[in-house]
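Input: a single structure, listed below in structure tokens.
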Amino acid sequence: MANINFKLNNGKATEKGKEYSIYIRYKFGRKVDIRKAIGFKSKSEDWNSEKQEVKNRIHIKNRTQINNLIKTLIRRIEDFEYNLLQNGKQPDQKYVERNFKTFFGSNDDKSIPKNLFDFISALQKRPDVKKSKASGTLKNYLITENILKRFNNEVYKIDFDNIDMDFYNDFIDWCEKQNLTRNYIGKLVQTFKFFLNTATLEKINTNLEFKNPRFKVIREEVDNIYLSLEELNKIYKLDLSKHPKLDQARNLFLIGAYTGLRVSDFNYLNKENIYEHNGETFLKVKTKKTPKKIVIPLRPEVKEILKKHGNKPPKRMPDQQINYKIKDVCENAGIDEQVKITKTTGGKKTTTKKCKFDLVKTHTARRSFCTNAYLSGMNPVDIMQISGHSSEKTFLNYIKADALQKAIKISSHPFFKGEDC
């Protein structure tokens, strides 16, 4: 097995009172020998050469951060080596050097997570994160980072050690003054808690104030709409033969509304996703956000759409273009009911009225599927198998039926008929 050591000044002589870079040395047999600065410095009198860590002294402000990084590097390198050996391979100089770049990045000094923003930036660039997260999630990470930086520049400096309830309350207050909605602020807090939790798991952060129950993700019920089966049928029957772009947007949207797929999935379907079994047609999809492999039965409307396009899905269209065009489609279909929208913006609750067609967007398709399937009497567990929701709580947030509709749905249950269950 390999030897992993940490030395001050790369093992060279040091003088008291001077700061020197901390180096890691990785050796595997006679063929692999790599030395690399980890991005931190220490005075010789503050360095414990026996334990290979910074001494536990109060005046060393970043001692915990440095020692946690050393532990993290040891764990990552041991995991890398173990996985390599499990696959029947042995580390060689070139392969280890290439993997060291993933630990440190191309620029040693800039890539080490020395503080909160260094960590957030480095996290987004890591190959494991970029490969496992959907593009929308990565975009949300960047947005959250930029807003946190604005707070850092406009209000006060933040780092791992001063994230507490005072910061939480100040951040919420500042966000409200930026005229952000309550749910948008909640999403920022949720993403920030993910950053902090990841840093904690990787031993970079030791401040656990963010786990305080009052450091919570704020949410409010928003009147997100859905389209009933009757409304979807109006869209389906609309003659758009003279408007090919509207027709394309309509067909893509309806596939989402009848299958529960997200736009990142229904807008990227191809012929390989169509699966025939015992005379029935299904869609087999590996969803991008989760990712999960799901198989979805097809309604006659979806089969007709596929048939119209030569037994394959419609060509993709930019997501934002679908959002624009589906509003026109819904307006032409007469979906113009006045809808009250209540939400909290800038700390103030407001209620406005809008035409329903103005509120339809790509995500309305998925919400419509979940709600219509639920109202039809389909078992929530079966719906979740199709929609890909991992928890019933999250799934139920998608159900936008009103109290009367839900009451009608359950009225046929034996309990309300006076029958034994």
What's the verdict on side-chain contact (heavy atoms from CB on, under 4.5 Å) for Phe119 and Glu202, showing C-alpha distance, side-chain angles and the deciding distance? CA-CA 11 Å; Phe119 174 78; Glu202 297 186 0; 3.9 Å; yes

I want to check something: taking the side chain as every heavy atom from C-beta on, are Ile326 and Thr364 in contact at a cut-off of under 4.5 Å? no

Strictly distance-based, threshold 3.5 Å: is any side-chain N or O of Asn273 a donor or acceptor partner for the main-chain N or O of Leu269? no

Distance (rounded to the nearest 0.5 Å) between Asn10 CG and Lys36 NZ: 12.0 Å

Could you grab the distance from atom OG1 of Thr206 to atom CG of Asp161, nearest 0.5 Å is fine? 8.5 Å

If you take all heavy atoms of Glu276 and Thr281, which pair is closest and at what distance? OE2-OG1, 3.0 Å

Smallest heavy-atom separation, Ser368 atom then Leu227 atom, equals OG-N, 2.8 Å

Side chain to side chain, Leu261 and Asn267, heavy atoms closer than 4.5 Å: no

Is it true that a side-chain atom of Arg250 and a backbone atom of Leu238 form a donor plus acceptor pair closer than 3.5 Å? yes

When you look at Leu116 and Ile120, which way does the side-chain contact (heavy atoms from CB on, under 4.5 Å) test go after all the steps? CA-CA 6 Å; Leu116 174 66; Ile120 293 174; 3.9 Å; yes

Please report the closest heavy-atom contact between Arg316 and Asp319, naming both atoms and the distance. NH2-OD1, 3.9 Å

Give a yes or no answer on whether the side chain of Asp328 reaches the backbone of Cys330 with a donor-acceptor pair at less than 3.5 Å. no

Contact between Thr200 and Asn207 at the side-chain level, heavy atoms closer than 4.5 Å - yes or no? no

Looking at side-chain heavy atoms only, is the closest gap between Asn56 and Asn67 below 4.5 Å? no

Answer whether the closest heavy-atom distance between the side chains of Lys27 and Asp33 falls below 4.5 Å. yes

Using a 6.0 Å cut-off, check whether atom NZ of Lys203 has over 12 heavy atoms from anything other than its own residue. no

Nearest-0.5 Å distance that lies between atom CE in Met165 and atom CD in Glu209: 8.5 Å

For Asp336 and Cys355 the tightest heavy-atom approach is O-SG, 4.2 Å

Given side chains that start at C-beta, do those of Asn372 and Leu232 come closer than 4.5 Å, heavy atoms only? yes

Interatomic distance, Ile70 atom CD1 to Asn5 atom CG [nearest 0.5 angstrom]: 11.5 Å

Please determine whether ring-ring contact (aromatic ring centres under 6.0 Å, His included) holds for the pair Phe6 and Tyr23, giving the CA-CA distance in whole Å, both sets of side-chain angles, and the decisive distance to 0.1 Å. CA-CA 5 Å; Phe6 293 84; Tyr23 278 76; over 10 Å; no

Identify each donor-acceptor pair in which a side-chain atom of residues 188-199 lies under 3.5 Å from a protein atom, sequence neighbours left out, and give them as a table.
{"unit_1": "Thr191", "atom_1": "OG1", "unit_2": "Asn140", "atom_2": "ND2", "d": "2.7"}
{"unit_1": "Thr191", "atom_1": "OG1", "unit_2": "Lys187", "atom_2": "O", "d": "3.0"}
{"unit_1": "Lys193", "atom_1": "NZ", "unit_2": "Phe210", "atom_2": "O", "d": "2.8"}
{"unit_1": "Lys193", "atom_1": "NZ", "unit_2": "Phe215", "atom_2": "O", "d": "3.0"}
{"unit_1": "Asn197", "atom_1": "OD1", "unit_2": "Lys211", "atom_2": "NZ", "d": "3.2"}
{"unit_1": "Thr198", "atom_1": "OG1", "unit_2": "Phe194", "atom_2": "O", "d": "2.8"}

Using the rule given for side-chain contact (heavy atoms from CB on, under 4.5 Å), can you reason through Phe117 versus Ile158, listing the C-alpha separation, both sets of side-chain angles and the distance that settles it, and then say yes or no? CA-CA 9 Å; Phe117 290 109; Ile158 58 174; 3.9 Å; yes

Taking the side chain as everything from C-beta on, heavy atoms only, tell me whether Lys133 gets closer than 4.5 Å to Tyr141. yes

Donor-acceptor pair, distance only, cut-off 3.5 Å: does the side chain of Asp265 make one with the backbone of Thr287? no

Side-chain touch Lys356/Gln338, heavy atoms, less than 4.5 angstrom: no

Apply side-chain contact (heavy atoms from CB on, under 4.5 Å) to residues Lys325 and Gln321 and explain how you reach the verdict. CA-CA 6 Å; Lys325 295 190 179 303; Gln321 198 172 344; 3.2 Å; yes

Could you tell me if Tyr156 and Asp170 have a donor-acceptor pair between their side chains, going purely by distance under 3.5 Å? yes

Contact summary for Gly186 and Val217, nearest pair of heavy atoms: O-CG1, 3.2 Å

Please name the pair of heavy atoms, one in Phe266 and one in Ala365, separated by the smallest distance, quoted to 0.1 Å. CE2-CB, 4.5 Å

Count the heavy atoms of every other residue, nucleotide or ligand shown that sit under 6.0 Å from NZ of Lys327, and state whether that count exceeds 12. yes

Under 3.5 Å donor-acceptor, Asn323 side chain and Thr362 backbone: yes

Can you tell me how far apart CE (Met378) and SG (Cys370) are? Round to the nearest 0.5 Å. 10.0 Å

CD1/Ile24 to CD/Gln52 distance, rounded to the nearest 0.5 angstrom? 9.5 Å

Residues Glu272, Lys284: salt bridge by 4.0 Å N-O rule: no

Check the surroundings of atom NZ in Lys292: do more than 12 heavy atoms from other residues, nucleotides or ligands lie under 6.0 Å from it? yes

If only atom types and distance count, is the side chain of Glu220 paired as donor or acceptor with the main-chain N or O of Asn183 below 3.5 Å? no

Answer yes or no: is there a donor N or O on one side and an acceptor on the other, between the side chain of Arg126 and the main chain of Leu123, under 3.5 Å? no

With sequence neighbours excluded, what pairs up with Arg150 under the salt bridge (charged side-chain N to carboxylate O under 4.0 Å, His left out) test? Glu154

Is there a donor-acceptor pair under 3.5 Å between the side chain of Tyr184 and the backbone N or O of Thr345? no

Between Asn162 (side chain) and Lys157 (backbone), is there a donor-acceptor pair under 3.5 Å? yes

Give a yes or no answer on whether the side chain of Glu231 reaches the backbone of Ser228 with a donor-acceptor pair at less than 3.5 Å. yes

Are Phe369 and Tyr258, when compared by the centres of their aromatic rings, separated by less than 6.0 Å? no

Enumerate the residue pairs fulfilling side chain to side chain donor-acceptor pair (under 3.5 Å) with a member in residues 298-308, sequence neighbours excluded, ordered by first and then second residue. Asp247-Lys308, Arg299-Glu301

